[in-house]
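Working notes, beginning with the structure itself.
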Amino acid sequence: MAWTRDQMAARAAKELKDGFYVNLGIGIPTLVSNYVPEDVDITLQSENGMLGVGPFPLDNQVDPDIINAGKQTVTEVKGTSYFSSADSFAMIRGGHIDLSILGAMEVAENGDLANWMIPGKMVKGMGGAMDLVAGVKKVIVTMEHVSKDGQSKLLKECTLPLTGRRVVDMVITEFGVFSIDKHGPGGVTLVQLADGVTVDEIKAKTKAALTIGPTVKA
Amino acid sequence: MAWTRDQMAARAAKELKDGFYVNLGIGIPTLVSNYVPEDVDITLQSENGMLGVGPFPLDNQVDPDIINAGKQTVTEVKGTSYFSSADSFAMIRGGHIDLSILGAMEVAENGDLANWMIPGKMVKGMGGAMDLVAGVKKVIVTMEHVSKDGQSKLLKECTLPLTGRRVVDMVITEFGVFSIDKHGPGGVTLVQLADGVTVDEIKAKTKAALTIGPTVKA
Amino acid sequence: MANKVYKDAKAALDGLLRDDLMLMCGGFGLVGVPDKLIAAVRDSGVKGLTCVSNNAGIDGAGLGLLLETGQVKKMISSYVGENKTFAKLYLEGKLEIEFNPQGTLAERVRAGGAGIPAFYTKTGVGTQVAEGKETKTFDGEEYVMERGLFGDIALVKAWKGDKSGNLVFRKAARNFNPMMATAAKMCVAEVEELVEVGQLDPDHIHTPAVYVKRIFCGAPYDKKIEQRTIRKA
Amino acid sequence: MANKVYKDAKAALDGLLRDDLMLMCGGFGLVGVPDKLIAAVRDSGVKGLTCVSNNAGIDGAGLGLLLETGQVKKMISSYVGENKTFAKLYLEGKLEIEFNPQGTLAERVRAGGAGIPAFYTKTGVGTQVAEGKETKTFDGEEYVMERGLFGDIALVKAWKGDKSGNLVFRKAARNFNPMMATAAKMCVAEVEELVEVGQLDPDHIHTPAVYVKRIFCGAPYDKKIEQRTIRKA
């Protein structure tokens, strides 16, 4: 069973609080904006220099000068502001953004994150990922639980070059929700099971030391 | 005889080049703007955050939000821009202002400048002076040649706490114009005598080692 | 959206003030100073304050209000020459002052808000300002290390603001306000005109809404002039 | 006033170009990129260039033009994923790349223009990015020291400019342009619309005239879209 990409996004959206300023990465994180609860109002930041990012434009609304960090055409909302990329990352690095949701290749039990390069393959660059994970108040990773070749992506230690050290607070995979004690010794705790998934299944597919949270039925 | 304050300002104005961006301190430096040559167009910067400072307003033009760094009401010119004080000092510190003209208590023969505090007296603060002398491309001091108690203000070494080390390029006093080799061993060179002043007079009133420039008739 | 709009300075500061806070104050001279917020801080009676502000106001205006009542323990400023009360308190040993070069002060505040704990500058090298601070040579030139500044509450004054917290400043009243807004856990803004969200042009906004947690309209304003300097027609 | 206005990109770059220059380029993706200036650099044939730019354009656009002709020796960028020519040159060992985190790159450029030789940031601590760089602990947290960047020529693109060099950017086309304009010995700006001095509101100017040494109107512009992403009505 497990969660679909949309279900993962919907679960991530439950972490949004009214008034939050949020930066969403590409992929599953982008889907999160489709599931913002009705009583919650959030403002999206795009690290190229835009606060208040609206939905994709209608065909006749496209403005080439309005793009998000994924270079996609987007729209303004009421209250949008633009600023330089230096000011944008001052905002990010200075801890003024409440939440960043992004993808990952690997997450370690101490919160280490790897999502920007694979040695031996062509490297495209880290873009703003290192700044986001270092600066934003809370970092949630949405990712597949295992890699295409069946390896756990939730590890004791990352094997790939790091994007950030002790930066991830929460991981959402198709199997469930995991919290990480990134500043302490607590490691990974399973806090919610996806529908139709068992704790044993997760244990079998997770290399990080795993604590089963009190709210989870084994 | 010697120069008046206005003559000193007029002499300083001859250092202005077309297209210069200039920051003027209070006192004699402020008078310099009255003597800008006709074929020279300069832009005045005020370190609180204004580029393109116009003359004092007419009585009915006063706008409380338009002030210079001396807190005086001023006016805009065509092309004026406003920016934050951080951006203003980025401009200054980054070497984008061509010339700063300011007053001094003491100048030493290596270009050291003292103009912000007298030990034992109430200290008002350095304002932007330290940033200006450290960052602006060329620094000209206009000052009285001797203090009220008859001491030379052009010294071997400053006795007062410094505003900047090796920062002054030129000194204009009522007795003449002096260039300073601030990055080298050259010291102070008299490059122009004020009307009715003799080299001997200047020598008698100057404690800095003085070279008489080739253009000066002894 | 979570409400950010308050009816006046007192309401906007409700629950925030206590003794020994570090306040980051916008303004230069008497221009762009959050006068209504400063008056409300005075009325609250909190003391032991550290105020980061380029100037210290004059007697009866700006931070002068908090000096007169003895609520300020320490000032971090670049120039305080206009304030007579300041001189008196200082000479009596009742007030600490840390002088920063104006550009260093502005940059320290900008750095604090931007997550930069320290930076290097030429300003002040070889002067009292550099005493006790680390220095480092880059490309043959000596620089001094300065630390970022980050306070408890930023008090800023803008011209226009919208209800989501976007701010626009007017002319030389911008000065230190944009940086101060970024450099505290809580930023409260007073504005001359409060408009609906969407009424400010996105390209004209100087301080994005994310920085401003509380906002109120402080109108009417009677703008003070420190040095009324005019020329004849 | 000394004239800053030139008739086109070629004229604006006259006398400035030579091999091995360090160019600071505005733009993000294909937005706000100084396309006309880049084309003129290509036509000049200078080579061995170091380009500081967040991205490397795509094939046939942006800095892609200079990659195709082999004029670029080194890129300092945060993300170059869109450019196929880039990958080919890199794998053949014909192009150096220095990856910087995007915020670190933006701040390095801002610092270079602001007279700040180095600053500390949390970004990249414990990663490859910090290898070989000094680190320092402030308040119990580790930071890495990053250097300011300052180049020979800045190439920027603005929406409106006046004849004295004041610039206004439009929407997300602002991106890296304001910092790049400050971080070189010479800044050349291309604008969609060149107006008379005095026609821009002093509160709306993003880049003050002091930074821009040469300016020209590059209209008409055919703005490219990298990822046309739309929704259904």
Side-chain angles (χ1 to χ4, degrees), chain B residues 16-23 36-54 63 65-68 74-100 128 130-137 164 167, chain D residues 1-5 24 106-119 148-151 154 158 160-169 174 178-187 189 194-215:
Chain B
L16 301 170
K17 294 200 176 77
D18 193 36
F20 261 24
Y21 293 88
V22 180
N23 186 294
V36 181
E38 267 190 29
D39 56 342
V40 168
D41 207 345
I42 64 164
T43 305
L44 297 178
Q45 200 253 19
S46 187
E47 64 265 31
N48 46 322
M50 182 178 187
L51 185 67
V53 180
D63 182 330
D65 285 339
I66 310 182
I67 62 166
N68 64 15
V74 291
T75 53
E76 296 176 356
V77 296
K78 281 188 180 178
T80 292
S81 59
Y82 296 100
F83 31 84
S84 74
S85 299
D87 286 345
S88 182
F89 283 96
M91 196 180 281
I92 289 166
R93 197 190 308 105
H96 303 283
I97 302 297
D98 297 294
L99 179 64
S100 173
M130 286 192 180
D131 309 280
L132 283 160
V133 299
V136 170
K137 283 182 200 152
V167 293
Chain D
M1 173 67 77
N3 178 54
K4 293 184 177 182
V5 179
M24 315 295 286
E107 189 67 15
R108 290 183 70 192
V109 175
R110 192 255 174 205
I116 293 172
F119 60 90
L149 279 171
F150 194 82
K160 291 184 184 178
D162 74 22
K163 291 180 175 177
S164 74
N166 286 307
L167 302 181
V168 171
F169 302 97
R174 195 181 317 180
M179 298 84 79
M180 294 296 181
T182 70
K185 292 171 216 157
M186 161 63 63
C187 170
L194 186 64
V195 304
E196 295 300 320
V197 181
Q199 291 195 303
L200 300 175
D201 185 319
D203 280 330
H204 299 167
I205 290 167
H206 298 126
T207 291
V210 65
Y211 292 111
V212 178
K213 308 288 192 297
R214 300 186 180 191
I215 190 169

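Here is how names work: the chains are called A, B, and so on, in the same order as the sequence lines, proteins then strands, and each is numbered from 1. Excluded from the calculations below are hydrogen atoms, water molecules and symmetry mates; all remaining heavy atoms, backbone and side chain alike, are included.
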Minimum heavy-atom distance [X]-[Y], with the two atoms named:
X: D:Ala184; Y: D:Met24; result: CB-CG, 4.1 Å
X: D:Asn166; Y: D:Leu200; result: O-CD1, 3.8 Å
X: D:Ala114; Y: B:Arg93; result: O-NH1, 2.9 Å
X: B:Glu76; Y: B:Ile66; result: OE2-CD1, 3.9 Å

Proximal component of B:Met91, with respect to chain D [non-hydrogen, under 4.5 Å]: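 For B:Met91, the contact with chain D is made by backbone and side chain together.
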
Heavy-atom proximity to chain D below 4.5 Å, by part of B:Phe83: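 The side chain, not the backbone.
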
Option in D:Gly112, D:Ala111, D:Gly113, D:Gly165 with maximal non-hydrogen atom pairs under 4.5 Å from chain B: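 Going by pairs under 4.5 Å, I would pick D:Gly113.
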
Proximal to chain B - members of residues 202-212 of chain D, heavy-atom separation under 4.5 Å: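 If one takes a 4.5 Å heavy-atom cut-off, the residues of residues 202-212 of chain D near chain B are D:Pro202, D:Asp203, D:Ile205, D:Pro208, D:Ala209, D:Val210, D:Tyr211.
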
Partner residues of D:Lys185 under the side chain to side chain donor-acceptor pair (under 3.5 Å) criterion, sequence neighbours left out: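 Once residues adjacent in sequence are excluded, the partners of D:Lys185 under the side chain to side chain donor-acceptor pair (under 3.5 Å) criterion are D:Asp152.
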
CD-CG distance between B:Gln45 and B:Leu132, expressed to the nearest 0.5 angstrom: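 Between atom CD of B:Gln45 and atom CG of B:Leu132 there are 7.5 Å.
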
Full working for side chain to side chain contact (heavy atoms under 4.5 Å, CB included) between D:Asp162 and B:Lys78: CA-CA 10 Å; D:Asp162 74 22; B:Lys78 281 188 180 178; over 6 Å; no

